[in-house]
Amino acid sequence: MQLCLYQSTNPVTKNSLALNRPITKQAFPCTRQRLTLWPAKLTVTVQVSRGFGSYVSTTPQTNYCCETGLVGLGDVVAFTSRGGAFYNTSGYSKSEKSNAVKGDFSMDRASSNPGEVTTLERGFDGSWLATSSQLHLYSNYWGVLQKLAYRNPDLLVVSACHNHNYTKRCKDNPEEKFNYPAVLQDSTFCLIFRGERIGQFALLEAMAADCIPVIVMDGAVLPFSNVIDWKRAAVFIMENYLHTLMDVLGKISPKRIRQMRETIRFLYNSYFSSIDKIALTTLDIIQDRVYPHWSRIYDDWNLKPEEKNTNPLFLPLTAPKSHGFTAVILTYDRVDSLFTLIDRLSRVPSLMKVLVVWNNQKKSPPLLSSFPQIQKPVKVIRTSANKLSNRFYPYNEIETEAILHIDDDIVMLTADEVEFGYEVWREFPDRIVGFPSRTHRWDNVTNTWTYESEWKNEISMVLTGAAFLHKYWSFLYTTAMPAGVRDWVDEHMNCEDIAMNFLVANVTNKPPIKVTPRKKFKCPECVNNEMLSADLGHMIERSQCVDRFAKAFNRMPLKSVEFRADPVLFKDPFPEKLKRFNDIGSL
């Protein structure tokens, strides 16, 4: 590496000491000792005396000289000057070249020792930013790589030596040999191509060397890709865009590089480090398919123990049964349907209280004396504005952990169905557990996320028109939901249930749970003009909600699952007295 004091194009000051080096292959005759060819931060302490030092002038006519040599930790850096004045100076160096090294300097003219490189912090570890060492590449790949390597010394391109020794790799010059796979340890990224031969070990060898794989294979199916999120650990580049390789890698921050390396190390040690690990991982995946209710979730496969998102509710694994739940009913003016619903909910054993949220500011709610006479307390809250978000406000009247959010027109659920839903929620208190389910999908034509209300084999949302949630989510919806999402919901009177699903999935990284087979929830007593969901524009708007919320959360947090919870024995031909939940609806 060549250290130079150079004349800045900016006005020169006392603190204009800088570090620069020409980007030429000749400047690095010993590649194994080469410091770096990548943007990095270098901290150098230079102790200056009159015999070894630099003259930093405030005039632009000063001529500088510099010593040339390879620099590493503990190496001596000596500067000579053509003047007699010395300054204590420090500053960042900047080169017009994108791959210049930045430096911090401090100079002490009281010492007679040359400068010593004391600390080093780099954007990546190793001699090369990227290495291509895979054998039997297609000729078109090889041509592009050679052009990239000619323009970018940070890219090492090697292939088989003439003697075809697998443990050796050579560049164009056969005399320049590298030990393989040890050479991968000196690189940050390792290129993985679709080779002429199948069954190559390039990916595993890169992972074993803590080298981040760069996958240049369109449509590649990576090992265990159904459970491992390779986007957290690898870079994907389309084959036709191989020429952009160095630009893409150059935009990855040092922090992201460290994260990807840690992920690669975790994945390799967990699933790929031995034949036993590979075999056991395969058996685990098969077991998860056979017993999906015992299967591991995304976090279990992809996150280290210290990264896992623990239960945000700080609850025991199973919520206490004795606490029961509060039914929160959002209503506007459907009094008959409201009374029917309250009467049916009163038959659910675990119901503790009914809270009616009256969302009509133009009309007063019925007198409590006109409500159905039930054994559980009923409380009516009048809201100040007609907002859908009112259903999720953390009212002080809610004293239970569990809340059954339910619309006033969901009168078809039986007491057994509601009680069973509560029992399932007790097992999964951090999730949305409920009855109406929906899913989302990506539309390749419009390049947007869309909302699906058709019956599918998988779900990603459980609508809060009939769902159990922990009251923690009401607090989070009110205080931590992105303001743009909550305001949009209230303005358009739509999508509050989708917003809640986004919120819960974003925190837990878990899917909701649908209970019982019932799919139809249309109010039998209601006419179409009373139902928001009957409007075609309403459905179009819900697709817009999914796409808008994904942008607001900066990702798509919804998780799809092919899973439904049903009572044991509910379809078996056993006497009813042997079944706990007999009245479970069908469609």
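- Checking side-chain atoms of T464 against main-chain N and O of A467 turns up no donor-acceptor pair under 3.5 Å.
- Ring planes of Y472 and F475: tilted class, angle from 30 to 60°.
- Classification of the W442-W449 ring pair by plane angle, with boundaries at 30° and 60°, yields perpendicular.
- The two atoms that bring A499 and V485 nearest to each other are CB-CG1, 3.8 Å, heavy atoms only.
- Using a 4.5 Å cut-off on side-chain heavy atoms (C-beta onward), W425 and L404 make no contact.
- Residues meeting the side-chain contact (heavy atoms from CB on, under 4.5 Å) test with T446, sequence neighbours left out: D443, T448.
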Please table the atom pairs, donor to acceptor, closer than 3.5 Å between any side-chain atom in residues 548-558 and protein atoms at least two apart or in another chain.
unit_1 : atom_1 : unit_2 : atom_2 : d
K551   : NZ     : D547   : OD2    : 3.4
R555   : NE     : N506   : OD1    : 3.0
R555   : NH1    : N509   : OD1    : 3.3
R555   : NH2    : N506   : O      : 3.2
R555   : NH2    : N506   : OD1    : 3.3
R555   : NH2    : N509   : OD1    : 2.9

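- Nearest heavy-atom pair across V418 and F325 is CG1-CZ, 3.9 Å.
- Not a single donor-acceptor pair under 3.5 Å links the side chain of K376 to the backbone N or O of S346.
- The ring-ring contact (aromatic ring centres under 6.0 Å, His included) search around Y451 returns none, not counting sequence neighbours.
- Residue I212 comes nearest to I257 through the heavy atom pair CD1-O, 3.7 Å, listed as atom of the first residue, atom of the second, then distance.
- Checking side-chain atoms of Y422 against main-chain N and O of G324 turns up a donor-acceptor pair under 3.5 Å.
- The environment of NZ in K471 is crowded: more than 12 heavy-atom neighbours from other residues, nucleotides or ligands sit within 6.0 Å.
- Identified under the disulfide bond (SG atoms under 2.5 Å apart) test for residues 210-271, with sequence neighbours left out: C190-C211.
- In this structure, the separation between OG1 on T508 and CG on L503 is 9.0 Å, given to the nearest 0.5 Å.
- Here disulfide bond (SG atoms under 2.5 Å apart) pairs that include residues 384-499, with residues two or more places apart or in two chains, are C495-C545.
- With R438 as reference, M461 is the one residue of R542, E452, K514, M461 to meet the side chain to side chain contact (heavy atoms under 4.5 Å, CB included) rule.
- A distance of 8.0 Å separates CD1 of I374 from CG of D343, quoted to the nearest 0.5 Å.
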*Does the pair L203 and F272 meet the rule for a side-chain contact (heavy atoms from CB on, under 4.5 Å), with working shown?*
CA-CA 10 Å; L203 177 61; F272 298 102; over 6 Å; no

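- Shown here are the ring-ring contact (aromatic ring centres under 6.0 Å, His included) partners of Y241, two or more places apart in sequence or in another chain: there are none.
- Side chains of F371 and V380 form a contact here, defined as non-hydrogen atoms less than 4.5 Å apart.
- Between the side chain of T450 and the main chain of S543, no donor-acceptor pair closer than 3.5 Å is present.
- Scanning all heavy atoms of the two residues, the minimum distance from V462 to I513 falls at CG2-O, 3.7 Å.
- Without hydrogens or angle criteria, R518 side chain to E417 main chain gives no donor-acceptor distance under 3.5 Å.
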*Test side-chain contact (heavy atoms from CB on, under 4.5 Å) on L191 and L245 and set out the steps.*
CA-CA 10 Å; L191 276 60; L245 171 69; 3.6 Å; yes

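- Looking at D490, its side chain does come within 3.5 Å of a backbone N or O of S389 through a donor-acceptor pair.
- Remark: N396 CG is loosely packed, at most 12 non-hydrogen atoms of other residues, nucleotides or ligands lying under 6.0 Å away.
- Put simply, CG on N457 and OG1 on T439 are 10.5 Å apart, with the number rounded to the nearest 0.5 Å.
- Residue pairs that meet the salt bridge (Lys or Arg N to Asp or Glu O under 4.0 Å) test with at least one member in residues 354-365, sequence neighbours left out, are D333-K363.
- With salt bridges taken as basic N to acidic carboxylate O contacts below 4.0 Å, none links D210 and R261.
- Remark: the backbone N or O of V411 is paired with a side-chain donor or acceptor of R344 at under 3.5 angstrom.
- Atom CG of D336 sits in a sparse spot, with 12 or fewer heavy atoms from other residues, nucleotides or ligands closer than 6.0 Å.
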*Derivation of the side-chain hydrogen bond (donor to acceptor under 3.5 Å, both in side chains) call for N302 and D229*: CA-CA 7 Å; N302 293 279; D229 185 1; 5.9 Å; no

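- Rounding to the nearest 0.5 Å gives a distance of 5.5 Å between CD1 of I398 and CG of L355.
- A search for side-chain contact (heavy atoms from CB on, under 4.5 Å) contacts involving F266 returns S270, Y271, K304, not counting sequence neighbours.
- The distance from atom CG of L469 to atom CD1 of I432, rounded to the nearest 0.5 Å, is 5.0 Å.
- Within the structure, salt bridge (Lys or Arg N to Asp or Glu O under 4.0 Å) contacts touching residues 213-225 (residues at least two apart or in different chains) do not occur.
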*Stepwise, does the side-chain contact (heavy atoms from CB on, under 4.5 Å) test hold for R391 with D407?*
CA-CA 10 Å; R391 76 183 318 155; D407 290 340; 2.6 Å; yes

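- For residues 350-361, the pairs satisfying salt bridge (Lys or Arg N to Asp or Glu O under 4.0 Å) are K353-E399, with sequence neighbours left out.
- Taking 4.0 Å as the cut-off between side-chain N and carboxylate O, E423 and R426 count as a salt-bridged pair.
- Proximity of a side-chain donor or acceptor of N390 to a complementary backbone N or O of K387 within less than 3.5 Å is detected.
- Under the 3.5 Å distance criterion, the side-chain polar atoms of R347 are left unmatched by any main-chain donor or acceptor of A415.
- Side-chain contact between V248 and F189 is absent, with no heavy-atom pair separated by less than 4.5 Å.
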_Candidate pair W301 and D288, rule side-chain contact (heavy atoms from CB on, under 4.5 Å), full reasoning_ = CA-CA 12 Å; W301 286 103; D288 286 354; 3.4 Å; yes

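- Side-chain contact between F193 and L242 is present, with at least one heavy-atom pair separated by less than 4.5 Å.
- For the pair P436 and A466, the tightest heavy-atom approach, listed with the atom from each and the gap, is CD-O, 3.5 Å.
- To the nearest 0.5 Å, atoms OG1 (T326) and CD (E401) are separated by 10.0 Å.
- Closest of all the heavy-atom pairs between V546 and F502 is O-CZ, 3.6 Å.
- Residues that satisfy the salt bridge (charged side-chain N to carboxylate O under 4.0 Å, His left out) test with E458, not counting sequence neighbours, are absent from this structure.
- Defined by atom type and a distance below 3.5 Å, a donor-acceptor pair is present between the side-chain atoms of Q361 and T383.
- Every pair tested for disulfide bond (SG atoms under 2.5 Å apart) that includes a residue from residues 368-471 fails, sequence neighbours excluded, so the list is empty.
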